[in-house]
Number of protein chains: 2
Amino acid sequence: MDLRQLRYFAAVARERNFTRAAQILNIAQPPLSRQIQLLEEELGVALIIRSSRPIRLTDAGRLFYEQALQVLGRVDQMKDATRRVGANRNRLLSIGFVASTLYGGLPLLVRKLRQNAPELDIQLLEMLSIQQIPALKEGRIDIGFGRLLHNDPNVTSTVLREERLVTALPRDTALARETGPLTLADLTGQKLIVYPKEPRPSYADQVLALLQDRLVQPAEVLEVREIQTALGLVAAESGICIIPSSARQMRSDVEYRLIGDPEALSPVILNHRAGDNSRYLGLVRKLIGDMYAENPAWLEANNLPRRP
Amino acid sequence: MDLRQLRYFAAVARERNFTRAAQILNIAQPPLSRQIQLLEEELGVALIIRSSRPIRLTDAGRLFYEQALQVLGRVDQMKDATRRVGANRNRLLSIGFVASTLYGGLPLLVRKLRQNAPELDIQLLEMLSIQQIPALKEGRIDIGFGRLLHNDPNVTSTVLREERLVTALPRDTALARETGPLTLADLTGQKLIVYPKEPRPSYADQVLALLQDRLVQPAEVLEVREIQTALGLVAAESGICIIPSSARQMRSDVEYRLIGDPEALSPVILNHRAGDNSRYLGLVRKLIGDMYAENPAWLEANNLPRRP
DNA sequence: CATCAACTATACCTTTCAGGTATGGTTTCA
DNA sequence: TGAAACCATACCTGAAAGGTATAGTTGATG
């Protein structure tokens, strides 16, 4: 399979006609026919129903068509972005982040970065904590914001803050009617939703370890792929979920209650390559320090007293 | 450019060594070298710094590397999904939706669909109202949930409900301290954020027309790409935004106030191909009817009295 | 129902280009 | 400085993309 075949297929799918598609592609009809056949053979799936005029797509073909358009669009964007960075001599700063840090200061940091270094091309990539390590080592990202400590000597980690945890609860439930913080023990017998399901170890393991250390037994544990799914299930009254405090902002139709236990914390960790002394990393560190020095409301609400 | 070149580049970028990458790819080093050169020529950008051992990537090369991995991953998923639909004889139902319908019943509809038709492979595709029309006509999607009426005779639209609008306001502002509904006239002189910026016409034009009909003049109009961006800016106190009522759930760190003017409504529209009498469309209609007949809290809170 | 135009598949041929081997040039390290 | 490792260039081969010609299929029309 290659991009050429995707382009060919998209043209046929759009036109519903091999002959016209071939004209548009500026090739002859028989090689177009053969390329589509090769594609179908590789996939082992019929994409086109040829015993009708105009031809029709199978369900698999319809799915493939939409996906092919998306991939081709992605490739075009990729070319544009690469040319932009290369042609303008822009410097690239790639930032990996776990979804739950999106509401905990990251947007503000990016805005300040853009103000302080307008020549920077900033690429934001959502990825799990454990995925940031190889990405840093391979140079795919320059810094990562995660929540999991690791022991790779090639990657340096700085705990920026310890963020408090909250329980996300369906509305109109007994726990939701409590007004003060809950304890981990209060969660005994609840149906617990954890994320991310894989790869492991992940934030899910942090939550489960926290409960186990307190000998708290949930009624059931449901593992899901990502935090948005988890919160959606909470909203649908399918269970409760423990999330970092700042991630409350992600969803307004559930209740959130702080967890009062002192160990109910999740670190926000800055990862970068060991020995990296690039000036943009220095700038990032400075901007984070400035942000924390302002001690804004969002920082105070979600975290322990700031480390010196 | 083709996928082969992306795979080759990713191997070189990973290994930092043409010779080793060639071994891994099971080809000889010189053709690998040449393919990378062809890629660089096509892009017009140097991706690799060869005057160092190990070789290094340029910034453009680093960006390209990460993007290439993502595209290759997407292609693998696409193959898997296509094979799954084709091999299992699953039927495919593709649903296009605007982001703001995500909290207005769509997840529940999808869940009910899955229960009622387990043989269905459901593809959810976020796309703007105006993009749903060609997607329906081309068979890329089967149904669409949008908010814009159109006049294409090949696409049938059904207004499911008229959803009330709310103003999203930064916290601790004068308007946010009002407790009852606002009027459109109350928004005079505010800095207004509208979305989506393009393509037009869009929901942004609906909002602007509403204000103009009431001769309401915002201080400024800021156009952004999508609702999440808009709400983020509201949270950052950069302005206010008019959104459909159910989309309140998307963000909890801003205030929302209903707009009391009777014309402050946004239709939720079901689009499908004219004459489409497939049984899944019938099932969707039935399930929607059932959902509305239950008159759940979310429906009552956000909408006008249900149509018969 | 038969015919015909439009369209897709198959057969065979030509051209292009991907990949191979051999060798030259460059970088790094002892 | 020399040698090893590694990347680039040159030239060759064969695989595959694309071409023309023709056979087979569908659907509309009389």
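- A search for salt bridge (Lys or Arg N to Asp or Glu O under 4.0 Å) contacts involving Arg147(B) returns Glu163(B), not counting sequence neighbours.
- Salt-bridge annotation for Lys286(A) and Asp290(A): present, with a side-chain N of the basic residue lying under 4.0 Å from a carboxylate O of the acidic one.
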Tell me which donor-acceptor pairs under 3.5 Å the side chains of residues 7-15 of chain A have, and how far apart each pair is, sequence neighbours excluded?
from     : atom 1 : to       : atom 2 : distance (Å)
Glu15(A) : OE1    : Arg20(A) : NE     : 3.0

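- With pairs defined as Watson-Crick or G-U wobble and both atom distances under 3.5 Å, the stems of at least three pairs that touch DNA chain C come out as C:1-30 with D:1-30.
- When the side chain to side chain contact (heavy atoms under 4.5 Å, CB included) test is applied to Arg50(A), the partners found at least two apart in sequence or on another chain are Phe18(A), Ile36(A), Gln37(A), Glu40(A), Ile48(A).
- By the side chain to side chain contact (heavy atoms under 4.5 Å, CB included) test, Leu102(B) pairs with Phe97(B), Leu106(B), sequence neighbours left out.
- Note on Thr19(B): only backbone sugar-phosphate atoms sit closer than 4.0 angstrom, heavy atoms only; bases stay farther off.
- Counting non-hydrogen atoms of other residues, nucleotides and ligands closer than 6.0 Å to NZ of Lys197(B) gives a total of 12 or fewer.
- Within a 6.0 Å sphere centred on CZ of Arg74(A), heavy atoms belonging to other residues, nucleotides or ligands number more than 12.
- Partners of Lys137(B) according to the salt bridge (Lys or Arg N to Asp or Glu O under 4.0 Å) rule, which considers only residues two or more places apart in sequence or in another chain, are Asp152(B).
- Between Glu119(B) and Arg91(B) no salt bridge is recorded (no basic side-chain N to carboxylate O distance below 4.0 Å).
- Heavy atoms from other residues, nucleotides or ligands lying under 6.0 Å from CG of Asn151(A) number 12 at most.
- Between chain B and DNA chain C, the heavy-atom contact criterion of under 4.0 Å yields a 5' to 3' nucleotide range of dA18(C) to dT28(C).
- DNA chain C lies under 4.0 Å from at least one heavy atom of each of the following residues of residues 37-59 of chain A: Gln37(A), Arg50(A), Arg53(A), Ile55(A).
- Every residue two or more places apart in sequence or in another chain that forms a side chain to side chain donor-acceptor pair (under 3.5 Å) with Arg4(A) is listed here: Asp2(A), Gln35(A).
- Along DNA chain D, read 5' to 3', the first and last nucleotides having any atom under 4.0 Å from a heavy atom of chain A are dA17(D) to dG27(D).
- When atom types are taken as modelled, the side chain of Ser202(B) and the backbone of Pro196(B) share a donor-acceptor pair closer than 3.5 angstrom.
- Salt-bridge annotation for Glu198(B) and Arg225(B): absent, with no side-chain N of the basic residue lying under 4.0 Å from a carboxylate O of the acidic one.
- Judged by distance alone, the side chain of Thr58(A) and the main-chain N or O of Ala46(A) form a donor-acceptor pair under 3.5 Å.
- Under the salt bridge (Lys or Arg N to Asp or Glu O under 4.0 Å) criterion, Asp205(A) pairs with Arg200(A), sequence neighbours left out.
- Of the residues in residues 27-36 of chain A, Ile27(A), Ala28(A), Pro30(A), Pro31(A), Arg34(A), Gln35(A) come within less than 4.0 Å of DNA chain D through at least one heavy atom, sorted by number.
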